Amino acid sequence: MAGLTVAGRGLVAVTAGDAGHALWQSADSGDSWRTVVMPVGVPDTGDTAVAVAAQGDRLLLLADDAQGSRAWWMAVSEFSR
């Protein structure tokens, strides 16, 4: 687990592993999780990072794929699609 935040009525987590960084969402306080497609693929190397933060029902996703950094600010309902 690389990051965790409360977003709306659920949790959003970032993980890092052999397959790269991944996003996960839980609507039941962490009892179950589903993967969420990230807007860009980010490998897990020493030069990359993904982070999440939230305010109310809005999610901030930050990604650095070693080529550049990007940020997305979206409603949790948009993220959950």
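Everything numeric here is computed off the predicted structure, so don't read it as measured data.
- Side-chain contact between Thr5 and Leu59: present, with at least one pair of heavy atoms (C-beta onward) separated by less than 4.5 Å.
- Between Gly30 and Leu11 the shortest heavy-atom distance is N-CD1, 3.7 Å.
- Residues Val36 and Trp24 form no side-chain contact, since every pair of their non-hydrogen atoms from C-beta on lies 4.5 Å or further apart.
- Residues Val42 and Ala49 share a closest heavy-atom pair of CG1-O, 4.2 Å.
- Here Asp18 contributes atom CG and Asp44 contributes atom CG; the two are 8.0 Å apart, rounded to the nearest 0.5 Å.
- Annotation: side chain of Trp33 is not in contact with side chain of Gln25 (no heavy-atom distance under 4.5 Å).
- For Ala63 against Val40, the heavy-atom pair with the smallest separation is CB-CG2, 4.4 Å.
- Between Leu61 and Pro39, some side-chain heavy-atom pair lies under the 4.5 Å cut-off.
- In the hydrophobic clustering of this structure, Met74 groups with Leu23; members are Ile, Leu, Val, Met, Phe, Trp, Tyr whose side-chain heavy atoms approach within less than 4.5 Å, directly or through other members.
- What you find for Val50 and Met38 is that their closest heavy atoms are CG2-CE, 4.0 Å.
- Atoms CG and OG1, from Asp65 and Thr48 in turn, are 8.0 Å apart once rounded to the nearest 0.5 Å.
- Between the side chains of Ser26 and Asp28, a donor-acceptor pair is found at a separation under 3.5 Å.
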